[in-house]
Amino acid sequence: MSDRGGIPLSVVVSAANRNDHLTFEAVVDAVEPVAGPVGRPRRRPRKLHADKGYDYATCRKVLRRRGIIARIARRGIESATRLGRHRYVVERTLEWVSRFRRLARRYERKAVHFLGFTQLACAVICYRRAVKLDLLTHDNPK
């Protein structure tokens, strides 16, 4: 799961031939709280965009129980082109993760090791974005 800017929010590793909608609830629950300027940290996103692969009643119920607005394209009714701009962000994030050579070709036998390297890659991506946007306070002369 990534945010609107392509920053990875959560990573879940599953079996190779398992449908994505079966791990949907684990991905949504894996999002860490994000602290805002004032008040309680926000635990979940307001709305979630997903492609037709998540068009199942169980996915919509998961989001409804958590108070998240579902923006999921319906199979056979809506075209996938409307969600293309939102899907592009996720595909770009996956491309950033796959640039790490160890993740492009899986060398680890254990899923826990692969998950650790994937989370490390996501942390590096977040750090690079923070440097690019000049969000780090130790380099800021202010």
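Reckoned from all heavy atoms, side chains included, excluding hydrogens, waters and symmetry mates.
Not a single donor-acceptor pair under 3.5 Å links the side chain of R64 to the backbone N or O of A70. Using a distance-only test at 3.5 Å, with no hydrogens or angles considered, a donor-acceptor pair links the side chain of R60 to the main chain of I72.
L94 and V11 are members of different hydrophobic clusters when ILVMFWY side chains are connected at heavy-atom separations under 4.5 Å. No continuous path of ILVMFWY side-chain contacts below 4.5 Å connects L22 to V27, so the two sit in separate hydrophobic clusters. When hydrophobic clusters are built by joining Ile, Leu, Val, Met, Phe, Trp and Tyr residues whose side-chain heavy atoms come closer than 4.5 Å, directly or via intermediates, V31 is not grouped with L115. One hydrophobic cluster, built from ILVMFWY side chains closer than 4.5 Å, cannot hold both V12 and F114; they sit in different ones. When the side chains of ILVMFWY residues are joined at heavy-atom separations under 4.5 Å, either directly or via intervening members, V13 and F117 end up in a single hydrophobic cluster.
Using a 4.5 Å heavy-atom threshold, the side chains of I125 and P8 count as touching.
Across all their heavy atoms, R74 and D55 have their closest contact at CA-OD2, 3.3 Å. Annotation for V89 and G5: closest pair CG1-C, 4.1 Å, computed over non-hydrogen atoms.
Between R92 atom CZ and W96 atom CH2 the span is 4.0 Å, to the nearest 0.5 Å. Interatomic distance, T93 OG1 to D3 CG, rounded to the nearest 0.5 Å: 7.5 Å. Between I69 atom CD1 and H49 atom NE2 the span is 9.5 Å, to the nearest 0.5 Å. A distance of 6.0 Å separates CZ in R4 from NZ in K47, rounded to the nearest 0.5 Å. Expressed to the nearest 0.5 Å, how far CD of E91 lies from OG of S98 amounts to 10.0 Å. The distance from atom OG of S10 to atom CG of D29, rounded to the nearest 0.5 Å, is 9.5 Å.
The number of heavy-atom neighbours closer than 6.0 Å to CZ of R65, taken from other residues, nucleotides and ligands shown, is above 12.
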Quiz prompt | Y54 and F24: CA distance, side-chain angles, deciding distance, ring-ring contact (aromatic ring centres under 6.0 Å, His included) verdict | solution = CA-CA 8 Å; Y54 298 97; F24 184 73; 5.4 Å; yes
Exercise. Starting from the C-alpha separation in whole Å, work towards a yes-or-no answer on side chain to side chain contact (heavy atoms under 4.5 Å, CB included) for M1 and L48.
Key: CA-CA 9 Å; M1 179 182 275; L48 188 133; 3.1 Å; yes
Quiz prompt | Audit row: L120, F100, side chain to side chain contact (heavy atoms under 4.5 Å, CB included) steps and yes/no | solution = CA-CA 10 Å; L120 182 63; F100 293 89; over 6 Å; no
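Ring-plane geometry between H21 and Y56 is classed as parallel, the angle between the planes falling under 30 degrees on a 0 to 90 degree scale with a further cut at 60.
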